[in-house]
A.B. asks: 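Next up is a structure, given as structure tokens.
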There are 2 protein chains.
Amino acid sequence: MRADAKRNYDRIVEVAREVFREQGYDASLDLVAKRAGVGPGTLYRHFPQRENLIDAIMQSWVDRVEEGAAKALVREGTPREVLLAWFETYVALISLHKGGPAKITSAMGNSDSPIATKCQVLTRANDQVVERLRQEGALRDGVDSVQMVRLVGGVATVADQGDLDPTVVRPLLAVVADGLLR
Amino acid sequence: MRADAKRNYDRIVEVAREVFREQGYDASLDLVAKRAGVGPGTLYRHFPQRENLIDAIMQSWVDRVEEGAAKALVREGTPREVLLAWFETYVALISLHKGGPAKITSAMGNSDSPIATKCQVLTRANDQVVERLRQEGALRDGVDSVQMVRLVGGVATVADQGDLDPTVVRPLLAVVADGLLR
DNA sequence: CCACCATACGGAGACACTCTCCGCTTACGC
DNA sequence: GCGTAAGCGGAGAGTGTCTCCGTATGGTGG
């Protein structure tokens, strides 16, 4: 990649992170290009789809996901406490930007989504927590981690779209947890 | 209302129902106007916001909601069976059109949404089912019908956006039910 | 050091959608 | 019939996505 190309690439990602945090994932890409001081053509060449740009932004997010999972794995407490804490971490992670829960949860299904790679990290983190709980014999039969992702993703999506307060979301997550645990 | 105005109004609603079923709730309104044989101005005068149009479409849907709730109230079986059957009915009702679950679930929160009136019908139906189960002493303490709407709405939203099969959705609803029941 | 060319830039503009404004038309009461 | 209020509809402004292509430039071989 040419030096000027790399410069533009980095600048676009940086600006996009900022704009998306302000306006959500459906902010205007032309605005991103303008603020980054490049033409729309340049933006769309680097990132043919909106999701490619989101994917690039998420690089730093991946680290936070892994950190969150690591904490959940060493956490002391009853299975219910561990699961609830992980759920809250999970919701927080996918709710960093408006529209994030819906985007991420639906991307975790189909492997040909441009942000699939990043979602795999989240999937793996969730799998580890499920595995720990399963070894403790805490989960009901038939429960799998895909179900969990969908259920918690659903709660997060509703919370995101309805601007729900964390204090309202917690009981919802508790219901899901109770439904999953023995 | 003048005769020609009523004619146009009805025609727009009819066409919109068709278009929304084909393309989801975010289909182009100009397309609806064109297919209905009216100018965009006419459409936007009758329905200043997209939601007003959706609201008009839902008139017939209201009947189906009430019918579904009535069935759930007289249904025989364990609380779990009753609740699950109602959940499936509920999901089916809000998933009639693509994008429906997200739209309806987030509208059920804020009372100033243009489709709020229609959602009230759904809320009331759900309340009745909750009330029946509560009288049977089947629900956990602290559970309320708003939580239920959000949880099931969340599952429906995920299912809608991920094109999930009903056979995959059922276990998710079962988890929610288990979390709500004693 | 410079000339060349692949690589990359950027903006004009095609296309799509939402929504408004306003001149024209038409239904309907008198 | 006729006057007028109600209603129509389309041009077009505003906004967003995405592409095409003439132009500019970084990097490399001579």
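Just so we're on the same page: letters track the sequence lines, and every chain starts at 1.
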A.B. asks: Check the distance between C/dC19's C1' and B/Tyr44's OH and give it to me in whole angstrom.
C.D. replies: 6 Å
A.B. asks: Taking atom P of D/dG9 as reference, at what distance in whole Å does atom CZ of B/Arg11 sit?
C.D. replies: 12 Å
A.B. asks: Mapping A/Ala3 and B/Lys6 onto DNA chain D by nearest heavy atom, which one lands closer to the 5' end?
C.D. replies: B/Lys6
A.B. asks: What nucleic acid atoms does A/Ala27 come within less than 4.0 Å of, heavy atoms only: base, sugar-phosphate, or nothing?
C.D. replies: sugar-phosphate
A.B. asks: Minimum heavy-atom separation for A/Thr89 and A/Gly68, please, with both atom names.
C.D. replies: CG2-CA, 4.0 Å
A.B. asks: Looking across every strand, which nucleic acid part, if any, lies under 4.0 Å from B/Thr42 by heavy atom: base, sugar-phosphate, or nothing?
C.D. replies: base
A.B. asks: Quickly work out the B/Asn8 CG to D/dG10 P distance and round it to whole Å.
C.D. replies: 12 Å
A.B. asks: Once hydrogens and angles are ignored, does a donor-acceptor distance under 3.5 Å link the base of C/dT26 to the side chain of B/Arg2?
C.D. replies: yes
A.B. asks: Atom CZ of B/Arg7 and atom P of D/dG9: how far apart are they, to the nearest Å?
C.D. replies: 10 Å
A.B. asks: With a 4.0 Å cut-off on N to O distance, would you call A/Glu88 and A/Arg75 a salt bridge?
C.D. replies: no
A.B. asks: In whole Å, what is the span from the NZ atom of A/Lys34 to the C1' atom of C/dG10?
C.D. replies: 13 Å
A.B. asks: Send over the distance from A/Tyr9 OH to C/dA8 P, rounded to a whole Å.
C.D. replies: 13 Å
A.B. asks: Heavy atoms under 4.0 Å, any strand shown: does B/Pro48 hit a base, just sugar-phosphate, or nothing?
C.D. replies: nothing
A.B. asks: Under 4.0 Å between a side-chain N/O of A/His46 and OP1 or OP2 of C/dA8, yes or no?
C.D. replies: no
A.B. asks: Can you see whether B/Asp127 engages B/Ser145 through a side-chain donor-acceptor pair at a distance of less than 3.5 angstrom?
C.D. replies: yes
A.B. asks: Select base, sugar-phosphate, or nothing to describe what B/Arg45 touches, counting heavy atoms under 4.0 Å on all strands.
C.D. replies: base
A.B. asks: Exactly one of B/Lys103, B/Arg50, B/Lys118 should register a salt bridge (charged side-chain N to carboxylate O under 4.0 Å, His left out) with B/Asp55. Which one does?
C.D. replies: B/Lys118
A.B. asks: Reckon A/Asp4 touches a base, only the sugar-phosphate, or nothing at all at heavy-atom distances under 4.0 Å?
C.D. replies: sugar-phosphate
A.B. asks: Does A/Gly39 or B/Gly41 map to a spot on DNA chain C nearer the 5' end, using the closest nucleotide for each?
C.D. replies: A/Gly39
A.B. asks: Under a plain distance cut-off of 3.5 Å, with no hydrogens placed, do B/Asp30 and B/Ser28 share a side-chain donor-acceptor pair?
C.D. replies: no
A.B. asks: Please state how far atom CD in A/Gln23 lies from atom P in D/dT15, giving the value in whole angstrom units.
C.D. replies: 13 Å
A.B. asks: Measure CG/B/Leu43 against P/D/dG7 and give the value in whole Å, please.
C.D. replies: 15 Å
A.B. asks: Under 4.0 Å between a side-chain N/O of A/Ser28 and OP1 or OP2 of D/dT17, yes or no?
C.D. replies: yes
